[in-house]
Structures are given as structure tokens and as C-alpha cells.
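Structure record follows, encoded as C-alpha cells.
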Amino acid sequence: MLTDVQVYQIDCKVYLVKEIELTHILEEISGFIDFGLGKDKKMMKFHEGKGYKNYVHSGFNELERDKVYKEGKIYSFSIRTVDKELKDYFSKTLRDISTETMKGLVTTVKHIKKVHITKLYSITPGLIKSDSGYWKGKIDFETYEKRLLDNSIKKTKMILEDDFDEDFVFCNNIQILNKKPISNNFKKISLLGDKLELIIADNDKAQQIAYILLGTGILENNSRGYGYVNYKS
């Protein structure tokens with residue numbers, strides 16, 4: 001069992017070669033990261049493989065009121081991971097690559113300290129993948145909550161290499177913050193997600209899972225930028 005899990009944050013500055021609309025930001029950042037992974041055979045195999053990737057990225061930290069990110073300007077985003085090898089690779093590689101839309105400039109790394117977490121809240125929408133589209137009207141909220149919990153526990157067990165007892169409370173309340181689903185484009189389709197607030201229970205297992213989710217993201221499609229969360233302590 002691994003006990004000393006560390007969440008790393010890689011902050012990246014990029015120069016935009018072309019303007020990008022807000023709804024395409026996660027897609028373009030994902031493409032930039034994917035291009036970086038493609039520079040190494042081992043990392044490309046990892047990228048193309050199935051299973052959890054154990055990293056998640058934000059959108060751009062800066063806000064543009066017209067929801068268009070401008071050619072010729074510098075913007076920043078963050079990647080979080082629990083994987084030290086990924087942390088090292090991203091920090092060395094992403095500052096030296098270019099895609100059709102952005103050019104890497106600077107990367108810096110910091111550790112996310114372990115603190116008592118009272119709340120996790122979405123920076124990018126959480127996403128449930130389904131052949132039938134957006135979850136509302138297809139499943140009830142209780143099923144949605146269970147899927148979120150099962151996903152969180154499965155990620156944690158894999159990272160800790162521990163099949164721990166699931167008889168504990170993870171969060172005391174889950175709230176959806178948006179009134180209508182949030183749309184982002186990916187491969188010419190619109191993916192609909194939700195921004196969430198999770199009130200984390202005060203027990204060791206819940207705190208451990210909440211900390212790990214800072215580095216993996218909540219729910220699904222995390223390597224595409226969905227489910228990036230921050231916390232309050």
C-alpha cells in the first residue's frame with residue numbers, strides 16, 4: 001500500500017498563435033498536452049492506453065469578457081497529477097513545444113500541501129460519459145452521486161494499491177452549482193457537464209480521497225480537462 005501520495009501542480013504559460021473561443025479551450029489545451037506526450041515513445045504508449053491517466057488540467061486562468069482568447073497574448077493553465085514521472089515529464093517538455101494554436105513558454109512546479117479539506121468545488125465541469133448524452137433525464141441524482149463516489153473510490157484504490165473497506169462516508173452533501181449544463185466542444189461535438197460542490201466528511205478515508213481527487217479530477221474525462229477541482233480547508 002502506498003501511503004505517501006503527493007499531488008503536484010505544473011503551472012504552464014503559453015503564447016497563443018491563434019485565437020480560441022472559450023468553448024474550445026479544454027480541447028486545445030488537451031491537444032497541446034497530448035502533443036507533448038507524443039514526443040516520447042513510453043509516454044505515447046501511456047497516452048494511447050486505457051484506464052485512468054491520473055492527471056487533470058484546468059482551462060486558462062485568465063478571463064476574457066468576450067469569451068475569446070486572443071492571438072498574440074500569453075495565458076496560463078495548470079496540470080495536476082499524483083504521478084511523479086508525469087510531473088517531471090510535463091515540466092520539462094511542455095515549455096518547449098508548439099501546436100497550431102499555442103506555444104509553450106514556461107513551466108513551474110509546486111506541491112499541493114495536505115490539509116484538512118472541508119469542501120471541493122469545480123473549476124472545470126465534471127462529466128459523466130454516456131451513450132445517451134447528458135445525464136439529467138436519464139438517471140436520477142442518487143445514481144449520479146453513486147457514480148461519483150464509485151469513481152472516486154476506484155481511482156483511490158488504484159493509486160494506493162489498496163482494496164480498502166468502503167464502509168465510510170465520503171461527503172455529507174453534493175450540490176450542482178449551475179442552473180443549466182455547461183457545454184464544451186470536443187472532436188466536433190458538445191459535451192455537457194456540471195460544476196459541483198462537495199462537502200467532505202471528517203474522517204481519514206474521506207480526507208485521503210479528497211486530497212487525491214485534487215490530482216486526478218472528479219468523475220470522467222479528466223485528461224481532457226473535466227473535473228478539475230479546488231478546495232477549501
Side-chain angles (χ1 to χ4, degrees), residues 1-9 26 30 49-58 78-84 86-87 111-130 134-136 138-178 181-182 184 191-233:
M1 176 181 174
L2 301 177
T3 56
D4 190 25
V5 176
Q6 176 67 57
V7 175
Y8 307 98
Q9 179 169 311
L26 295 184
S30 296
K50 295 182 178 179
Y52 297 124
K53 302 304 180 185
N54 293 332
Y55 74 89
V56 62
H57 66 79
S58 69
S78 299
I79 307 170
R80 293 210 188 121
T81 184
V82 294
D83 187 317
K84 185 179 184 298
L86 273 181
K87 178 262 295 184
H111 293 187
I112 304 297
K113 293 181 180 179
K114 294 179 182 178
V115 297
H116 186 272
I117 296 172
T118 59
K119 179 189 297 185
L120 294 178
Y121 60 94
S122 296
I123 302 300
T124 65
L127 183 72
I128 282 183
K129 292 186 289 187
S130 170
Y134 184 56
W135 68 274
K136 282 189 177 179
K138 311 293 191 312
I139 61 173
D140 58 25
F141 190 64
E142 183 177 345
T143 303
Y144 181 92
E145 287 183 302
K146 185 178 187 307
R147 191 154 167 178
L148 188 155
L149 176 61
D150 290 348
N151 176 280
S152 302
I153 289 175
K154 190 174 180 180
K155 287 173 183 170
T156 302
K157 284 184 172 183
M158 184 185 70
I159 290 163
L160 296 180
E161 300 174 357
D162 179 27
D163 190 20
F164 54 77
D165 183 0
E166 296 180 18
D167 186 19
F168 66 96
V169 175
F170 171 50
C171 57
N172 296 320
N173 187 54
I174 300 173
Q175 182 179 356
I176 293 179
L177 302 177
N178 45 281
I182 299 168
N184 284 279
L191 297 179
L192 301 177
D194 300 285
K195 290 197 172 184
L196 305 174
E197 179 183 273
L198 282 62
I199 306 302
I200 306 302
D202 186 11
N203 64 73
D204 290 344
K205 192 59 67 181
Q207 290 295 312
Q208 187 173 49
I209 292 172
Y211 178 70
I212 285 173
L213 291 178
L214 293 174
T216 63
I218 60 172
L219 290 171
E220 301 165 18
N221 267 33
N222 305 127
S223 63
R224 305 298 93 190
Y226 294 89
Y228 186 99
V229 293
N230 270 348
Y231 68 93
K232 289 187 178 180
S233 60

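In this structure the side chain of K195 reaches within 4.5 angstrom of the side chain of I182, judged on heavy atoms. Looking at heavy atoms from C-beta onward, L198 lies out of side-chain contact with Q175 at the 4.5 angstrom threshold. Counting heavy atoms from C-beta on, the side chains of N230 and Y121 come closer than 4.5 Å. For the pair I200 and T118, the minimum side-chain heavy-atom distance is 4.5 Å or more. In this structure, the side chains of Q208 and L160 come closer than 4.5 Å at one or more pairs of heavy atoms. In this structure, I79 and V56 have side chains that are not in contact, with every pair of non-hydrogen atoms separated by 4.5 Å or more. Between Y8 and I112, the closest side-chain pair of non-hydrogen atoms is not below 4.5 Å. Looking at heavy atoms from C-beta onward, I199 lies out of side-chain contact with C171 at the 4.5 angstrom threshold.
A donor-acceptor pair is defined here as one N or O able to donate and one able to accept, closer than 3.5 Å; no such pair exists between the side chain of T216 and the backbone of Y55. Checking side-chain atoms of Q207 against main-chain N and O of A201 turns up a donor-acceptor pair under 3.5 Å. A donor-acceptor pair under 3.5 Å links the side-chain atoms of S58 to the main chain of S78, judged by distance alone. Within the 3.5 Å criterion, the main-chain N or O of D167 finds a donor-acceptor partner in the side chain of D165. Listed for the T124 side chain is a donor-acceptor partner under 3.5 Å among the backbone atoms of Y228. Between the side chain of S122 and the main chain of L196, a donor-acceptor pair closer than 3.5 Å is present.
Listed here is the closest heavy atom pair of A210 and F170: N-CE1, 4.0 Å. The two residues L214 and V229 make their nearest non-hydrogen contact at CD2-O, 3.6 Å. A pairwise comparison of heavy atoms in G225 and S30 identifies N-OG, 4.2 Å as the closest pair.
Applying the salt bridge (charged side-chain N to carboxylate O under 4.0 Å, His left out) criterion to R80, with sequence neighbours excluded, gives no partner residue.
Interatomic distance, L127 CG to I218 CD1, rounded to the nearest 0.5 Å: 10.5 Å. With rounding to the nearest 0.5 Å, the separation of CG in N203 from CZ in F168 is 7.0 Å. Atom-to-atom distance recorded for D202:CG and N172:CG is 9.0 Å, nearest 0.5 angstrom. In this structure, CD1 on I117 lies 8.5 Å from CG on L213, to the nearest 0.5 angstrom. Of the inter-residue distances, the one linking T81 atom OG1 with L86 atom CG reads 4.5 Å to the nearest 0.5 angstrom. The structure places CG of N173 at 10.0 Å from NZ of K119, a figure rounded to the nearest 0.5 Å.
For residues 142-151, the pairs satisfying side-chain hydrogen bond (donor to acceptor under 3.5 Å, both in side chains) are D140-T143, K146-D150, R147-E220, N151-K155, with sequence neighbours left out.
Ring geometry for W135 versus F141: interplanar angle of 30 to 60°, hence tilted.
For K157 and F164, the positive end sits near the middle of the six-membered ring, less than 6.0 Å away and at most 45° from its axis.
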Requested in this report: Report the C-alpha separation of N54 and I159 in whole Å, then their side-chain angles, then the decisive distance to 0.1 Å, and conclude whether the side chain to side chain contact (heavy atoms under 4.5 Å, CB included) test is met.
Outcome: CA-CA 8 Å; N54 293 332; I159 290 163; 3.6 Å; yes
Requested in this report: Test side chain to side chain contact (heavy atoms under 4.5 Å, CB included) on E197 and I174 and set out the steps.
Outcome: CA-CA 6 Å; E197 179 183 273; I174 300 173; over 6 Å; no
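More than 12 heavy atoms of other residues, nucleotides or ligands sit less than 6.0 Å from atom NZ of K138.
For the residue pair H57 / N222, no side-chain donor-acceptor distance below 3.5 Å is found, with atom types taken as modelled. In the model, N178 has a side-chain atom that pairs as donor or acceptor with a side-chain atom of D194 under 3.5 Å.
Shown are Q6, K114, K113; of these, the side chain to side chain donor-acceptor pair (under 3.5 Å) with Y211 is made only by Q6.
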